[in-house]
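The structure under discussion appears below in the form of structure tokens.
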Amino acid sequence: MARFVPWLLVALCFVLGVASRSIADSFPVFVPALERGFAASRGDITVIYSFTLLVGGMSGPINGWILDRLGLRALTVFGMALAALATFAASHATTLWQLYATLGVMLGFGGASVSGVLSAGLLGRWFPARRLGVALAVAWSATGVGTMLTIPLAQYMIVGAGWRHAYLTFSIASVVFVPLLLVLPWRHIAQGAPGLVRQHAVSGAGPTVGQAVRDWPFWALTFSFGLTSIGIFSIVPQAMSYLLERGMEGGHAARALAVAGFLTPLGMVGFSWLADRGGRKLAAILAYGCSIAGVGALALVRGPGDDLFLWLFVLLFGGSQGSRGPMISTLATLRYLGANFGRIYGLIGIGMGLGGFFGAWIGGLLHDLTGGYAVVMIFSACALVLAAASLGSEAGARERLSAQR
């Protein structure tokens with residue numbers, strides 16, 4: 001039974017991600033309903049999601065402190081309870097600022113508590129370096145698999161009963177996990193795999209926060225998170241609206257985005273498998289290349305008959321959309337695992353939050369200023385090129401370090 005424990009913990013991280021972060025990432029299908037319900041502009045609505053991403057990243061050091069000082073139980077219970085409360089309160093919102101506070105601040109904080117910091121800090125204790133990338137990719141894939149479920153479900157509930165009913169249902173789905181998290185044997189889980197105990201003991205305290213921020217690898221990973229988020233989230237929140245404006249039927253567009261969500265975990269695992277097999281730099285470059293090509297395919301969708309370009313976007317962009325997160329987390333875990341890992345990883349995660357905030361906000365703003373999407377897509381592609389250079393530098397450094405051992 002003990003040999004299955006690591007993968008049971010992967011499954012736990014996966015389920016918590018579905019019940020929190022994937023609910024937040026279903027936001028694109030809520031955009032048209034929220035625009036109508038609050039008589040608001042696109043920029044005013046997409047900035048809600050911007051706050052979700054910003055707070056999710058900025059809360060990283062706090063979540064890291066909770067992990068390092070209070071432990072896994074406190075972090076997971078806090079995250080899921082906050083996610084459930086956020087969606088419940090959002091379902092009763094009457095003004096936009098209430099959505100900023102609930103879906104933006106509360107859901108961003110709660111979702112982040114049971115995503116990157118938790119997965120890296122927990123699974124790094126149970127998997128060796130040669131298998132860690134795939135394990136983290138499976139945990140991170142909760143977002144893709146979850147959105148495959150939550151996007152069509154949200155669309156169905158919005159059409160049938162309204163967006164408030166959809167968020168209330170999501171709140172109930174999240175809160176049921178809190179009692180389970182309270183009774184799990186967290187002390188045993190925190191000890192890690194028996195074969196890795198000595199390895200962690202040797203690493204001791206590990207690098208301090210000060211030591212980490214003075215070296216380029218920390219900033220390479222931070223910039224990778226930030227620029228990738230800018231490139232991805234300048235597109236994602238507006239994808240549904242873009243397709244509807246091009247004449248796509250709502251159900252067809254939602255199904256296409258759901259398939260993109262299905263491909264996301266496959267891409268995560270596939271690219272991480274390649275990275276674990278010694279091709280970390282190659283995997284990073286291929287992933288960014290697919291995302292950039294996907295943006296180009298989306299730009300060629302001009303009408304309801306352009307299914308070829310739509311499905312190229314789904315394949316290329318969806319298949320690579322979340323692949324960099326596990327890569328960055330793996331590289332950070334291999335370099336910084338120790339007593340201060342939670343706070344160091346949390347600081348690196350700020351890049352993802354800032355990038356997501358500015359990506360979603362600037363993407364909506366550029367749409368409002370230009371009345372179209374061309375500038376948005378150029379902006380996205382440029383950010384992804386810069387991100388590829390940043391992550392490629394650290395991935396190459398890790399390959400050189402591994403070759404020397």
Side-chain angles (χ1 to χ4, degrees), residues 6 10 13 115-117 119-141 143-144 196 199 203 206-207 212 215-229 231-232 263-294 316-317 319-338 341 344-345 347-349 351-352 355 383-405:
V10 172
C13 293
S115 56
V117 172
S119 298
L122 174 56
L123 301 182
R125 310 177 194 205
W126 286 89
F127 287 89
R130 69 182 183 277
R131 297 168 55 203
L132 180 59
V134 171
L136 284 171
V138 173
W140 273 72
S141 70
T143 300
L196 295 179
Q199 176 182 330
S203 66
D215 290 334
W216 166 246
F218 173 90
W219 295 106
L221 296 172
T222 302
F223 291 148
S224 300
F225 256 146
L227 291 165
T228 303
S229 295
I232 296 298
L263 293 175
T264 295
L266 298 180
M268 285 181 175
V269 175
F271 284 114
S272 291
W273 179 87
L274 175 60
D276 280 352
R277 294 311 182 271
R280 299 192 187 279
K281 186 173 182 179
L282 174 62
I285 293 173
L286 285 175
Y288 283 110
C290 288
S291 293
I292 294 167
L316 295 169
F317 194 88
S320 61
Q321 178 176 323
S323 60
R324 277 71 52 144
M327 291 184 197
I328 297 169
S329 293
T330 300
L331 291 169
T333 304
L334 293 176
R335 186 173 286 275
Y336 298 117
L337 187 62
F341 173 75
I344 295 173
Y345 184 90
L347 289 170
I348 292 172
M352 181 169 60
L384 291 171
V385 169
L386 294 174
S390 183
L391 183 57
S393 69
E394 173 60 8
R398 170 54 54 178
E399 289 180 343
R400 292 190 295 273
L401 183 62
S402 298
Q404 293 170 3
R405 292 179 176 177

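For A212, the side-chain contact (heavy atoms from CB on, under 4.5 Å) partners two or more places apart in sequence, or in a different chain, are F218, Y336, I344. Under the rule for a side chain to side chain donor-acceptor pair (under 3.5 Å), T222 has no partner lying at least two apart in sequence or in another chain. Every side-chain contact (heavy atoms from CB on, under 4.5 Å) that L286 has, sequence neighbours left out, goes to F271, L274, L282.
Donor-acceptor pairing under 3.5 Å is recorded for the side chains of S291 and R324. Inspection of the Y288 and T228 side chains reveals an N or O donor paired with an N or O acceptor under 3.5 Å.
Minimum heavy-atom separation, V10 to A139: CG1-N, 4.1 Å. In plain terms, the two heavy atoms of S320 and A287 that are nearest each other are CB-O, 3.4 Å. Counting all heavy atoms, side chain and backbone alike, A137 lies closest to S272 at CB-OG, 3.4 Å. The two atoms that bring G133 and D276 nearest to each other are N-OD2, 3.1 Å, heavy atoms only. Listed here is the closest heavy atom pair of A332 and I348: CB-CD1, 4.1 Å. Nearest heavy-atom pair across E394 and A220 is CB-CB, 4.1 Å.
Taking CZ from R125 and OG1 from T333, the interatomic distance works out to 11.0 Å, rounded to the nearest 0.5 Å. Taken from OG1 in T330 to CG in L136, the straight-line distance is 4.5 Å, to the nearest 0.5 Å. To the nearest 0.5 Å, atom CE of residue M268 and atom CE of residue M327 are 10.0 Å apart.
Judged purely by atom type and a 3.5 angstrom limit, S393 uses its side chain to pair as donor or acceptor with the backbone of S390. With hydrogens and angles ignored, the 3.5 Å screen pairs no side-chain donor or acceptor of S229 with any backbone N or O of G355.
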Let's go through S329 and Y345 carefully: what are the C-alpha distance in whole Å and the side-chain angles of both, what is the deciding distance for side chain to side chain donor-acceptor pair (under 3.5 Å) to 0.1 Å, and is it a yes or a no?
CA-CA 8 Å; S329 293; Y345 184 90; 2.5 Å; yes
Trace of the side chain to side chain contact (heavy atoms under 4.5 Å, CB included) decision for F317 with L263
CA-CA 9 Å; F317 194 88; L263 293 175; over 6 Å; no
Side chain to side chain contact (heavy atoms under 4.5 Å, CB included) between V138 and V269, worked out:
CA-CA 6 Å; V138 173; V269 175; 3.9 Å; yes
Report the C-alpha separation of L122 and C13 in whole Å, then their side-chain angles, then the decisive distance to 0.1 Å, and conclude whether the side chain to side chain contact (heavy atoms under 4.5 Å, CB included) test is met.
CA-CA 9 Å; L122 174 56; C13 293; 3.8 Å; yes
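In this structure, the side chains of M352 and I328 stay at 4.5 Å or more apart for every pair of heavy atoms. Looking at heavy atoms from C-beta onward, L391 lies in side-chain contact with L331 at the 4.5 angstrom threshold.
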